[in-house]
Amino acid sequence: MTAQPMVRAEAVHKSYGPAHILRGIDLEVAPREVFCLVGPSGSGKSTFLRCINHLERINAGRLSVDGRLVGYREKAGKLYELKDSEVAAQRRDIGMVFQRFNLFPHMTAIENVMEAPVMVKGESKAVARARAVKLLDRVGLGDKAGNYPTQLSGGQQQRVAIARALAMEPKLMLFDEPTSALDPELVGDVLDVMRDLAESGMTMIVVTHEMGFAREVGDNLVFMDGGVVVESGHPREVLGNPQHDRTKAFLSKVL
């Protein structure tokens, strides 16, 4: 018996007014898989990622995480949108790391990591602090626990943001171009943390321009353009031997 997918998208559409951003996305992400999404700007990658945790509502199709519809319940063949509190409860299981770090500027690194477990899950500060210490150690910032975001480099802030997402003990991690806002010399430290996460068995969907990371760490790679999946397969296959002209043209510019 095969395990159910961690993420399943079935004919997912998303529009903003007349702009049709996602045009029928079908894909599955298995538990423990590192799933990479690549493609040009405006191809719908980040929008799709935001739909997975219902930061954006889809207009048609179905999205489920771990067997549960995202943002909706089904009754007698019809979909009904969940209440905000129910959506928030679903989001607890999904960690998300953005291009911009979005840390609370008035809180230290350790306070940023502790905040959600205390405020959302109602954990004691002692329990949340103990986990935060371990997570900051894990991302190589155990010595920066008392620093404020302005006292950290961009790469360090992004690693705190990863620790913050992990503090909720998610079953799925979404990364939206987590290194694109960083100076080149800071990218490696963030990718190292993501490699470690992958090796620990975390299910990850990564929107990225880091083709080396996708080739080395990814289990599956999808090339998107114009709101559709153009090509998919093992990263080494797609990157080394693309089958579609559009994929070849894109990769010729980024590899």
Side-chain angles (χ1 to χ4, degrees), residues 5-29 35-66 68-75 77-103 158 161 165 170 172-182 203-211 214 220-232 238 244-247 249-251 253-254:
M6 180 61 75
V7 178
R8 174 181 277 147
E10 302 169 89
V12 169
H13 288 257
K14 173 65 186 175
S15 298
Y16 299 103
H20 200 167
I21 307 300
L22 299 177
R23 299 169 176 265
I25 300 294
D26 290 290
L27 56 80
E28 290 187 357
V29 181
F35 194 97
C36 298
L37 286 171
V38 304
S41 295
S43 59
K45 309 180 302 294
S46 294
T47 298
F48 177 67
L49 214 61
R50 292 170 66 84
C51 289
I52 293 172
N53 64 1
H54 208 56
L55 288 174
E56 303 283 358
R57 292 176 174 84
I58 64 176
N59 299 112
R62 289 161 179 269
L63 255 177
S64 56
V65 171
D66 204 17
R68 291 183 62 202
L69 281 173
V70 172
Y72 298 89
R73 74 163 56 84
E74 187 172 14
K75 193 172 178 184
K78 278 191 168 179
L79 295 181
Y80 297 89
E81 190 156 11
L82 297 178
K83 297 176 191 163
D84 287 349
S85 59
E86 294 171 303
V87 172
Q90 280 191 333
R91 280 201 195 113
R92 291 181 194 180
D93 291 330
I94 304 172
M96 188 157 185
V97 178
F98 300 87
Q99 291 180 35
R100 295 288 171 185
F101 328 119
N102 301 330
L103 297 178
Q158 190 62 295
L172 170 66
M173 284 285 284
L174 309 176
F175 292 89
D176 189 7
E177 297 189 26
T179 59
S180 65
L182 301 179
T203 310
M204 298 160 60
I205 304 179
V206 185
V207 173
T208 186
H209 293 296
E210 301 289 339
M211 299 302 163
N220 216 324
L221 182 141
V222 157
F223 171 68
M224 285 178 65
D225 191 28
V228 300
V229 172
V230 176
E231 189 164 349
S232 64
V238 177
H244 291 261
D245 289 343
R246 186 66 193 90
T247 319
F250 172 76
L251 293 176
K253 293 175 184 161
V254 299

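- A side-chain donor-acceptor contact under 3.5 Å links Glu231 to the backbone of His244.
- Contact between Gly44 and Ile21 at its shortest, heavy atoms only, is CA-CG2, 4.0 Å.
- Distance alone, capped at 3.5 Å, is enough to place a donor-acceptor pair between the His20 side chain and the Leu22 backbone.
- Checked against side-chain contact (heavy atoms from CB on, under 4.5 Å), Ser43 has the following partners two or more places apart in sequence or in another chain: Pro40, Lys45, Met224, Asp225.
- Partners of Glu86 according to the salt bridge (charged side-chain N to carboxylate O under 4.0 Å, His left out) rule, which considers only residues two or more places apart in sequence or in another chain, are Arg73.
- Considering only residues two or more places apart in sequence or on other chains, Asp66 meets the salt bridge (charged side-chain N to carboxylate O under 4.0 Å, His left out) condition with Lys171.
- With Asn59 contributing its side chain and Ser15 its backbone, the two residues share a donor-acceptor pair below 3.5 Å.
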(message) Run the side-chain contact (heavy atoms from CB on, under 4.5 Å) test on Gln158 and Phe175 for me, step by step, so that the C-alpha distance in whole Å, both residues' side-chain angles and the decisive distance to 0.1 Å come before the verdict.
(response) CA-CA 11 Å; Gln158 190 62 295; Phe175 292 89; over 6 Å; no
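- In plain terms, the two heavy atoms of Phe35 and Glu28 that are nearest each other are CE1-O, 3.6 Å.
- Formation of a donor-acceptor pair under 3.5 Å by the Gln90 side chain with backbone atoms of Gly71 is found in this model.
- Taking the six-membered ring where tryptophan is involved, the planes of His54 and Tyr72 are perpendicular, since the angle between them exceeds 60° and thus also 30°.
- A search for side-chain contact (heavy atoms from CB on, under 4.5 Å) contacts involving Asn53 returns Leu55, Arg91, Ile94, Met96, Leu174, not counting sequence neighbours.
- Every residue meeting the salt bridge (charged side-chain N to carboxylate O under 4.0 Å, His left out) condition with Arg57, not counting sequence neighbours, appears here in chain and number order: Glu81.
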(request) Using the side-chain contact (heavy atoms from CB on, under 4.5 Å) rule, take Asp26 and Val229 through it: C-alpha gap first, then chi angles, then the decisive distance, then the call. (result) CA-CA 8 Å; Asp26 290 290; Val229 172; over 6 Å; no
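- The side-chain contact (heavy atoms from CB on, under 4.5 Å) search around Leu63 returns Val7, Ala9, Val12, Phe48, Cys51, Ile52, Ile58, Val70, not counting sequence neighbours.
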